[in-house]
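Have a look at the structure below, then the notes.
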Amino acid sequence: MATPAPVYRGRLAPSPTGLLHLGHAKTFWTAQARAQAAGGHLLLRNDDLDAGRCRPEFVAAMTEDLAWLGLHWVEPMITQSQRRSLYRAALVQLHAGGFIYPCTRSRRDVLAAISAPHDTDETDEPVFPREFRPATSTPLPPLTEPVTTNWRFRVPDGEELIFTDGQSGAHRALAGRDFGDFLVWRKDDLPSYQLACVVDDAALNITEVVRGEDLRQSTFRQLLIYRALKLNAPAFYHCPLITDERGVRLAKRHDALALRTLRTAGHTAADVRANW
Ligand code: GLU
């Protein structure tokens, strides 16, 4: 008998750094529609690792606003800041496998080193210059606890990575050209988004990741982490982003389009859904 297909498990993964706006709402609604169509369900993950930018009042606001909009999730909310030991175990595994190296270069160093205009998506981070990497023969220092330096993933230069997006089809990227070595752990002892996201999506048995198109390029980085940790990657579906009247991508600073503002102005959830 054939093995039954895994039950669809999706997730909503907002970061509590501001109020949720129409853009989040539309992506999350798509996530719910896809879960329902597949007979599965969604989890809610609170991506609150960046302690400097995340605030508890935004966690309360996001759960309230999501429920108001008509989104449903099962199981208690998962909070990333409470799952550090899982991320640390993954870091130890990446270190043991020689996939990462410590890096003292700052963002400013990276920007200064990039003289040629590069044609990557402007929402994505700059390609980390190859000359900033230690040679592969450099002995790897031990991981400290706490971590006090940045650690980067060494991407396999020249390898083409491919994935099929459920929304927009096949996407390809060349490691080292389209994206470079990326952070897995920060010198303030926090896992990077890329690492925490992979560890959680795998640990929570997520079968499809539905999120905004701004994270599509990150999928290539995440696929490398899945492979290094010997984990199976989920399917991916990236939603087109909503822009404002000037064509600028909505951000948390667009408070006028925050769900909360629309609700206070008397709009119903159904109005919001009918107008995005
Ligand atoms: N928390 C991330 C964000 O708000 C989304 C992570 C994801 O969906 O992979 O940008």
Side-chain angles (χ1 to χ4, degrees), residues 8-35 41-56 58-59 61-63 65-66 69 71 73 77-84 86-87 90 121-125 163 165-168 171 179 182-184 186 190-226 229 231 233-243 249-254 257-259:
Y8 184 107
R9 270 164 79 85
R11 86 306 195 263
L12 309 172
S15 302
T17 54
L19 293 172
L20 296 181
H21 55 62
L22 272 184
H24 301 106
K26 189 172 178 202
T27 297
F28 292 156
W29 195 258
T30 303
Q32 176 158 288
R34 291 187 64 79
H41 52 250
L42 294 175
L43 307 182
L44 175 62
R45 187 179 86 201
N46 170 16
D47 280 7
D48 66 341
L49 285 173
D50 192 342
R53 295 175 57 225
C54 295
R55 299 226 303 265
F58 291 133
V59 179
M62 84 193 184
T63 47
D65 292 350
L66 291 172
L69 188 69
L71 289 160
W73 55 90
M77 178 173 76
I78 291 121
T79 296
Q80 287 197 319
S81 58
Q82 295 167 4
R83 296 166 66 81
R84 186 182 179 282
L86 283 178
Y87 312 134
D121 176 349
E122 61 179 23
T123 59
D124 201 36
E125 66 185 57
F163 76 94
D165 190 298
Q167 204 284 133
S168 54
H171 290 274
F179 68 99
F182 57 88
L183 282 183
V184 292
R186 296 169 17 170
L190 287 174
S192 71
Y193 154 68
Q194 310 292 356
L195 181 66
C197 183
V198 166
V199 169
D200 280 339
D201 285 335
L204 301 167
N205 298 316
I206 298 302
T207 58
E208 183 179 67
V209 165
V210 177
R211 60 187 172 199
E213 229 168 27
D214 52 327
L215 289 169
R216 196 170 62 210
Q217 193 74 357
S218 279
T219 302
F220 296 112
R221 302 183 179 96
Q222 294 177 11
L223 288 173
L224 289 175
I225 302 180
Y226 280 106
L229 295 174
L231 296 169
F236 294 95
Y237 185 104
H238 292 92
C239 301
L241 300 176
I242 297 194
T243 52
R249 174 164 83 93
L250 291 196
K252 289 187 174 131
R253 62 180 182 278
H254 284 84
L257 298 177
L259 294 181

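Ligands are counted one by one from 1 in listed order, and the atoms in each one are counted from 1 as well. As the structure is a computational prediction, the values presented were derived from the model and not from experiment.
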Do R9 and P234 make a side-chain contact, defined as non-hydrogen atoms from C-beta onward lying under 4.5 Å apart? no

Quick check on side chain to side chain donor-acceptor pair (under 3.5 Å): which of D200, N46, D48 does Q80 satisfy it with? D200

Does R11 have a non-hydrogen atom less than 4.0 Å from ligand 1? yes

Just do the salt bridge (charged side-chain N to carboxylate O under 4.0 Å, His left out) check on D124 and R221 with the steps written out, would you? CA-CA 12 Å; D124 201 36; R221 302 183 179 96; 2.8 Å; yes

Ligand 1 to D47 polar contact by distance, N or O atoms, under 3.5 Å: yes

Where ligand 1 meets L215 - atom numbers and elements under 4.0 angstrom, heavy-atom basis: 5 (C), 6 (C), 7 (C), 10 (O)

Show which atoms of ligand 1 fall inside a sub-4.0 Å distance from at least one heavy-atom site of C197. 9 (O)

Can you confirm whether the side chains of H238 and D165 place a donor and an acceptor under 3.5 Å from each other? yes

Any N or O on P14 sitting closer than 3.5 Å to an N or O of ligand 1? no

Which word best sums up how the rings of F179 and F220 line up, parallel for under 30°, tilted for 30 to 60°, or perpendicular for over 60°? parallel

